[in-house]
Structure formats: C-alpha cells, structure tokens
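Numbered from 1 within each chain, the chains take letters A, B, ... in sequence-line order. In what follows, every heavy atom counts, from backbone to side chain, and hydrogens, waters and symmetry copies are set aside.
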Amino acid sequence: MAEGDWLDIRGWIEALSFAIADNTVGMSRFWRQKGTTADILTELIMAVVVFGLIMTTMLALLWIERKFFARIMDRRGATMAMRSLWVGEGGEHADWYDLLPFGTGAPFRWLNRWLNKVAGSDHEVESVARVHDRSYHGVWWMLPGFFQNIADAVKFLTKEWMVPTKADKVVFEVAPFIIISSTIMLFAFIPLGPHVWSANPDLSLLFLMAIFGIAPLGVFFAGWSSNNKYTLLGGIRSAAQLTAYEIPLLVTVLAVAVLSGSMNIIEIVEFQMDSDGWNLFLLPLGAALFLITMIAEVERIPFDMPEAEAELVEGWWTEYGGLRWGLLFMAEYLRAYAACLLFSIFFLGGWEPFGGNLVAQYTAFIPGIAWLLVKSWLMFAVFVWVRASLHRVRTDQILEFGWRWLLPLSMVNLGIAVWLRLGVWQGDTWSPLVVGLITVIAVGLFVLLAIDEDPTALEGRERPYSVHVKAGPAGPGTHKK
Amino acid sequence: MPASLLEEFAFALLALLAIAGAFGTIYAKRVAHSMLYLIFCFLAVAGVFLLTGAELLAAIQILVYLGSVLLVVLFGVMLTRRQIQEEDFQ
C-alpha cells in the first residue's frame, strides 16, 4: 500500500535520465557532474509530466461544469448533448455500437432501443438534432461537448489584446503574471500519486499554503491598475474575502497536519492509508470548513463577490480580454482543481481506493493517480452542485460568516485534532469505534441543523452596514409580510 | 564546482532583485507601485532563505509577509485613496 503502485513514473524517468547522463556527460571530461545532471534532468522531466497531466485533466473540469450544471438546471442544449448518444440525429439512431466487432455492441443496441422507447419521443427530436450539429459528429468516442474547450481556447487566442488608455500599463501586464505563475506553482507541491510528483520537500504543506496566498495580491493589482471603479471594487472585495478566509483555511489545514503528524503531503496520505481511517471520518468539521473556505478562496459561486456579474460587470478582470482573460480564467479553474485535489488528499485518503484495504488487493491494477483524479472530479461535481444550489451572498455576510463562525469553528476543529492525536491515537490504527462514533455524531448534528433551520431566525437581526428601513433588513421570510 | 557556482549565481540574482525591490519601494511615486516592488523584494528574500537551507523560514516569509502583512498594507492603500479615478495623477 504505502510503498506505491506499479505506475512508477518517477522511477522510470529517473532511470531514463541516468541512462542519458551516462551516455552524454558521463563519457565526457565533465563526468563528475553525472549525478547532478541526471537529477536536474529528472526534475525537469517530472515538472513537464505533472504540468501536462494537470493541464489535460483540467479539461474534464470544464466539461463537468458544463454538463452537470446543465443537468441540474435542466438546460436544454448541454443536457441534450449527452442524450444524443442514444437518440439519433433527426430521428435516426446513433449506431456507433454497430461498429464494434463480433456483435459485442448488441447490448447497446437493445439499450438504445429501450431508451428510444422511453425517452426518445418525437417532439424532442428537433431540439436534439439542433444540438447534434454542435456536439455529436457521428464519432461516438468524442465525448459530446468535450472539445468545446479547445474551441474556446482558439477564440481567446485570436482576440485582440487591448489595454485601457488610463490603465497603469506596467502593473496591468504584471498582475496576470503574478496570478498565473503562482497558481501553476501550486501544482509543484501537489502529488498526483505515490510516484507522480514534481517536488516533495519536508514542508510541502507549508510551501503549498504559502504559494496559495500570493494570488490575492495579483488580483488586487489587476483590479487597481485597470483604473475602473468596478475592477477596483472587485479587487478590494477579493482582498477582504481572501484574507478573511485564509486564516480558517490555514488553521484547518494545520489540524490535518496535527492529526497526521506531518507537514509533508505524501506522508499525510500515507498516514490515512496506514491508520485505516480517512480524515473525513475523523475530522468531519474540518472537512466542512475546508470545503467552505476553499470555495471562498477560489471565488466560486456562493462566495464569488469579487466578480459578481450582476453588480460589478465581471469584477476585477473586467478590463482583461483575449488570451489574458483566457489565462486568468484557466488560473481560476486551476485553483478550483487544486482545491478539489487537496480535499481528496487531505480528507478522502488521496490515492487510496474506495473501501481502503478491503478492496485494495483486488484493484491493484488501477494506479493511484486514477483514484485521486476520480475523487477530485467528484469533488468538483460537489462544487458545481453548490454553485447550482446556492445564491450569491452579500460581502458583509461573507465577512461576518468568515470572522464570526469559521474562525472559532476552525479553532474548535484544531482542538479536536489535538485531542484525537494526543488522547486517542495509540500509534497503530484508528479503532472502528472512534471512527464510527465521530461519524455518527457528525451526521446527527448535520441532520439536526438541517431540520432545525428556522427561516425567520435571521429576520430583524442587526448586521453591520445593513439598510434599516421600516420593514427591517431583507432576509428569508420578509416577503410574506 | 559548477553546483556552487550555480548557487552563487542564483544568490547574486536574488540579492540584486531584493536590493532593486527595496530601492523601488522607496523611490516609487505611487504607493501601489512600491507595494509591487515590495512583493519582489520579499520573494527574493524568501529565495535567499531557500538558498541557505532555511526552508521553514522561506515558507513563513511568503506566508506571513507576502500573504498577510502586505494585504494589511494593501488595505491601507485602499482606505487612504482620495478618489477612484486617478485622472489628475501626475
């Protein structure tokens, strides 16, 4: 388990670099530097491999966002694009299954016939055909809608780059560099598997969190230098929000480090594997806090005040266009991806299979990176679910929630982690009693809170900066009066 | 020893960046510009810490100074502005 799986990418690349160094530097008069050359070569190739893996697997995120969001909101176009796999174009059936050899597609033909009977009614064929023009091209292995990302990229590439006349030009150009470079640097410290990582210092957790905090400065500079009141407001909101939520985030991550007894991310995952308990079941409060603070940190929808479209045009990146905008957008998704990967690593056991040791021996042929990617994509589906379910909250509500609730709760969570580590942990594995008890308490509390929610409780509650009119501040239930 | 030569080159680069950042912080005309120079100064100092092997100090330097202290300075910049559109700024 802890020693890793068969997909030893790092080991292969090390062997390759040593072979290359042996046959080039090792045969020249610089033979003393053979080891250094091989090490540098290994690090460079691993950096490229990790970067390529991240950038290609990130495309799935955009696809999940489109598909899942459309499914939840019951939007016709994107939802129907998936359905085009079984309902044919213009009433004709998609017959990709007939291309399979030896009649192995027969079950799909039966499934297709059945699906057409229950879901392929005639009055929807027209819209389906319209969707087909865009997404289904008669090739079944192209995921419908998946390659729209590439079309988007081409669009960004071909657009003109404009700088506002009164913008602070140098800072306007430098700000995207700060944001994008610090975002990509995050992935140097995120391991994708036991053998797929590009840097692994002892304090990788600390480095990761340190680099995570650089981007807000870039966001502020982007908003300030555009010389536009909307971007400036977006920049200020972003700075306030990210400062407020970074402290609970850091304390929550500290609790994970305390529980695992290590500041190294790979060791945190291996601790979860060896101790037979994912941190999700030991620190459910921490998992909830991490999820909330991460959604705020990556500025996704209940907490996307810095780019609130309804009031600030597009927030701090209003004035950016073309490829700069595309790259900033990519950085935003990369941060969300990092958040999903980190949630999977810290709380869902990283690259441990679902079910842990019980199923690990039967799933040994699946490399760890596949588990981690599936977990983080599922986490991103949760992000999209949150985005579709909740509405945007006000800035003062965001800050109040962060400082008044999340910060004390993160301290409580840290206390729980310290107690678990010092009082309960016996140095072997977590007893199922502890894990089960904590999980039952957490689920019970969650159900209690969900049942006990009083829609009139917020009514008339005084908030900083709320507008006091005769009817009282707006809140849930006020429309009934 | 090329390895140490590389280190010396990196140190020279980082030291120059830190000094240039410090001078830029002082001589910049706008407060936001001096903050930008201060970012590079802090990053270069963190790089020097890394070169000397003080990894914890480097991480803390970025986490505390870049992440938090500079954001507080940033609030100072925001709250002391006279007007939003800097049209009459020289």
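Looking only at heavy-atom pairs under 4.5 Å with chain B, the residue among I214(A), L217(A), V171(A), L203(A) that has the most is L217(A).
Contact of L43(B) with chain A is made through the side chain alone, with heavy-atom distances under 4.5 Å. In this structure, no portion of I247(A) lies under 4.5 Å from any heavy atom of chain B. For A240(A), the parts lying near chain B are the backbone and the side chain together; criterion is any non-hydrogen pair under 4.5 Å.
Ring geometry for F290(A) versus F346(A): interplanar angle over 60°, hence perpendicular rather than tilted (30 to 60°). Taking the six-membered ring where tryptophan is involved, the planes of F303(A) and Y245(A) are tilted, since the angle between them lies from 30° to 60°.
The two residues Q241(A) and A296(A) come nearest to each other via the heavy atoms NE2-O, 3.0 Å.
Within the 4.5 Å cutoff, side-chain heavy atoms of M209(A) are placed close to those of L342(A).
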